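The basis for the numbers below is simple: all heavy atoms, side chains too, and nothing from hydrogens, waters or symmetry mates. Positions are given from 1 along the sequence. What you see is a predicted model; the values in this text were computed from it and never measured.
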Amino acid sequence: MSTPAYLNPALSADERVDDLLPRMTIEEKAGLLFHPATSLAEPGYSADQALADAQRDISDKLISHFNVFNGADAAEIADWTNQLQQLAAETRLGIPVTISSDPRNGFRSTPFTGHTLDSLSRWPEHTGLAAIGDVDLVREYGDTIRREFLAMGIRVYLGPMADLYTEPRWSRGFGTFGEDVDLVSSLTAAFIEGLRSTADLGSESVAAVVKHFPGGGPQLDGFDAHDKRHREQVYPGGQQKLHLRPFEAAFAAGVSQVMPYYGMPVGTEWEERGFAFNAPVIRDLLRGHYAFNGIVVSDWNLLESADVAGIVFGPNGYGLEDLSPTERLEVGLTVGVDQFGGDNCPERVVELVRSGRVSEERIDQSVRRILREKFVLGLFEDRYADIEAARAVGADASLRALGTEAQAKSLTLLADADVLPVRPGARVFAEGIDWATVEHELTVVTTPEEADLNIVRLDAPWQPDPESALGDWFHGGRIDFSEDIVAHLGELAKHAPTIGVIYLERPAVLTELLPSLSALVVEFGASDQVVIDALQGATPFTGRLPFDLPSSMAAIEQSREDVPFDTAAPAFTHGAGIQRAALVANPIAHRR
């Protein structure tokens, strides 16, 4: 029996699709249209249950795309992807699975937007890369992630976020490249190029999924659309075209996948329904105007609900809540969506085709796009990960050093009343620093009364949401500091000069803190070691703000969600940052 043409690597990807597609049943085609999560065994979820769930999805439902949700280290993830690939190899056609992941390399870790792995290089969040502002560095960052993901068998990166951070309260803004459209556009393109590595997508590439089309930043009052209570995306400044510009840069950079957001536009010429169901946005703008012929994958759980971290999540089919899951699926397919993230109900596609509501030709359009990318990525020839390579990349000191250096470069000095650098031997009282993890030349004291200097690390404020556990993961609400924190810093400052180091997950209002701070450093994801090195003058301060810092909540409330740099009289403006050279030998090199 001759080898099927689709298994011949000498043929082009399109020729191989032409051979494979007619061999497929509607059930096999339907399986390709879903992209659910897969989880490794962990406390409360046994290895037997994990394998049983994978067998159900791959062997029974014929699904071949998975977002790997968890995992303790790179080698463990590589082993799990190999188990999934073995199950796929045993199906009738042996179509390999494509593994994706949300970000793994930052400091903000949630089950909804990215699971950080300590065994990989650790970089600042994307706002921190914007604070550095170096296109070549972001391209190198993308290449580093490519190398780490390839070692784990992960071939799709669910990013970058090409959204503009125009609403300072938006709880997902830390994943963007900031507020300036030109910088966001150039860094988005560079990151996609780094993930791809070569001129065209190929066997050594990781495919990017640029998101969240047509720009997820202008959420009403900054609350995120993962939450059903916060569906509305608004454009009071009429800036839809501005938010599209980073996506245009992504298209020019050759991105192969696009993810629309959950949000439902209100008060525009677009339909008031979630973007994945929005014909003017997907059919007319993305497929029509931009002629995008890659894969359109929806955000997660638009059709059915799922249990995520103990929370019943979804369905998030905004504007179509009165429709059944099958009816929402029909709308999504009709407007041009190829694949549905989070959901795993291919039987609904089969139902739509057999009832005549959706043609098999329409399904073939999506299947062709999805199969083609599997061939281009070389998955049919090399589906398995090298576990030893994954273990090695997890221990690669050179990759870790790149991330550490980027953390240091992103630190942004906004104020200093001649207290920096901190001299060796200074008596320091600190809050928010784990001294057991830090090499230093300071004398750590336990009370502010003993101190020559105070160092306080704080996170940007957010408000717990008593009505929804999602609020623990999506930090929304006010971004000014509480009276208690303001008073506490004032008390510390009575004893000794105080250095504030603020993690800007969101552009916090710092106005009330400033009178108590003798120096102010903002960061976007940095270890205690990196922070202390900088404060001691061992690394330079080179970061610049990737967004404005508003002066008050009133200014934020009066600004327009879709307009950049729209808060009145900001306390610090985009690009602010005192540039200062290192004053002692840089210690990072000897820690590699």
Side-chain angles (χ1 to χ4, degrees), residues 107 407-408 410-464 475 478-506 508-541 543 549 551-553 571-572 577-578 580 582-588 591:
F107 278 76
Q407 293 172 41
S410 68
L411 295 178
T412 302
L413 178 62
L414 294 179
D416 177 27
D418 294 326
V419 298
L420 296 178
V422 181
R423 62 176 174 81
R427 293 174 298 176
V428 173
F429 172 76
E431 294 177 343
I433 292 175
D434 181 1
W435 290 109
T437 67
V438 179
E439 295 180 26
H440 62 90
E441 298 178 352
L442 307 173
T443 301
V444 178
V445 298
T446 57
T447 66
E449 289 79 9
E450 304 170 79
D452 300 320
L453 195 70
N454 303 310
I455 302 173
V456 179
R457 292 197 74 172
L458 294 171
D459 291 344
W462 57 280
Q463 291 180 286
H475 294 169
R478 298 179 66 94
I479 50 177
D480 54 347
F481 285 89
S482 68
E483 292 181 359
D484 288 345
I485 291 177
V486 173
H488 177 61
L489 288 182
E491 286 298 314
L492 289 177
K494 291 177 182 178
H495 298 287
T498 299
I499 301 170
V501 182
I502 316 296
Y503 171 50
L504 290 186
E505 180 187 359
R506 300 189 294 161
V509 176
L510 304 178
T511 310
E512 298 299 320
L513 302 187
L514 295 177
S516 300
L517 298 179
S518 295
L520 171 61
V521 176
V522 296
E523 51 104 353
F524 309 91
S527 70
D528 286 339
Q529 184 69 68
V530 165
V531 168
I532 294 301
D533 284 344
L535 296 183
Q536 293 184 117
T539 54
F541 283 105
L549 291 185
S551 57
S552 68
M553 281 302 303
F572 297 94
I578 300 169
R580 185 169 292 174
L583 298 179
V584 298
N586 186 333
I588 290 178
R591 294 202 188 100

Reported CG-to-CZ distance for the pair Asn454 and Arg427, which is rounded to 0.5 angstrom:
11.5 Å

Taking all non-hydrogen atoms of both residues, which atom of Asp533 and which atom of Glu439 are closest, and how far apart?
OD1-O, 4.4 Å

Please examine the side chains of Val521 and Ile502, heavy atoms only from C-beta on, and report whether any two atoms are closer than 4.5 Å.
no

Using only atom types and a distance under 3.5 Å, with no angle test, would you say the side chain of Glu523 pairs donor to acceptor with the backbone of Gly525?
yes

Run the side-chain contact (heavy atoms from CB on, under 4.5 Å) test against Ile578 and tell me which residues pass, sequence neighbours left out.
Leu413, Arg580

Contact summary for Gly490 and Ser516, nearest pair of heavy atoms
CA-OG, 3.3 Å

Whether Thr511 side chain and Ser551 backbone form a donor-acceptor pair below 3.5 Å:
yes

Can you confirm whether Val422 sits close enough to Leu453 that some side-chain heavy atom of one is under 4.5 Å from a side-chain heavy atom of the other?
yes

Any side-chain heavy atom of Asp452 sitting closer than 4.5 Å to one from Phe429?
no

For atom CD of Glu449, decide whether the heavy atoms of other residues, nucleotides or ligands shown that lie under 6.0 angstrom number more than 12.
yes

Pair Glu441 + Arg423, salt bridge at N-O below 4.0 Å:
no

Across all chains, not counting sequence neighbours, the side-chain contact (heavy atoms from CB on, under 4.5 Å) partners of Ala430 are Val428, Ile433, Trp435, Ile455

Between Gln529 and Thr437, which heavy-atom pair has the shortest distance, and what is it?
OE1-O, 3.7 Å

Quick one: closest heavy-atom pair of Val419 and Pro497, and the distance?
CG1-CB, 3.9 Å

Using the side-chain contact (heavy atoms from CB on, under 4.5 Å) criterion, which residues pair with Pro421? Sequence neighbours excluded.
Leu583

Would you give the length of the straight line joining atom CD of Glu512 to atom OG of Ser482, rounded to the nearest 0.5 angstrom?
11.0 Å

Taking the side chain as every heavy atom from C-beta outward, state whether Leu517 and Ile499 have any pair of such atoms under 4.5 Å apart.
no

A side-chain contact here means heavy atoms from C-beta on lying under 4.5 Å apart; do Gln407 and Ser527 qualify?
yes

Check whether any side-chain heavy atom of Val522 sits under 4.5 Å from a side-chain heavy atom of Leu510, and report yes or no.
yes

Side-chain donor/acceptor of Asp416 to backbone N/O of Ala519, under 3.5 Å
no

Shortest non-hydrogen separation from Tyr503 to Phe524 and the atoms involved:
CE1-C, 3.6 Å

Among Thr498, Asp480, Leu520, Leu489, exactly one meets side chain to side chain contact (heavy atoms under 4.5 Å, CB included) together with Leu513. Which residue is that?
Leu489

Tell me, please, which residues at least two apart from Glu450 pass salt bridge (charged side-chain N to carboxylate O under 4.0 Å, His left out).
none

Quick one: does Leu492's side chain get under 4.5 Å of Glu431's, heavy atoms only?
yes

Quick one: which residue pairs count as a salt bridge (charged side-chain N to carboxylate O under 4.0 Å, His left out) with a foot in residues 496-505, not counting sequence neighbours?
Arg108-Glu505

Rounded at 0.5 Å granularity, tell me how far NE2 in His440 sits from CG in Leu535.
12.5 Å

Might you point out which heavy atoms bring Gly425 and Thr443 nearest each other, and give the distance in Å?
O-OG1, 3.2 Å

Any donor-acceptor N/O pair, Arg506 side chain to Pro461 backbone, under 3.5 Å
yes

Less than 4.5 Å apart, any side-chain heavy atom of Val501 and any of Val456?
no

Say whether, by atom type as modelled, one donor and one acceptor occur between the side chain of Asp528 and the main chain of Asp434 under 3.5 angstrom.
yes

Going by the salt bridge (charged side-chain N to carboxylate O under 4.0 Å, His left out) test, which pairs reach into residues 493-504, not counting sequence neighbours?
Glu491-Lys494

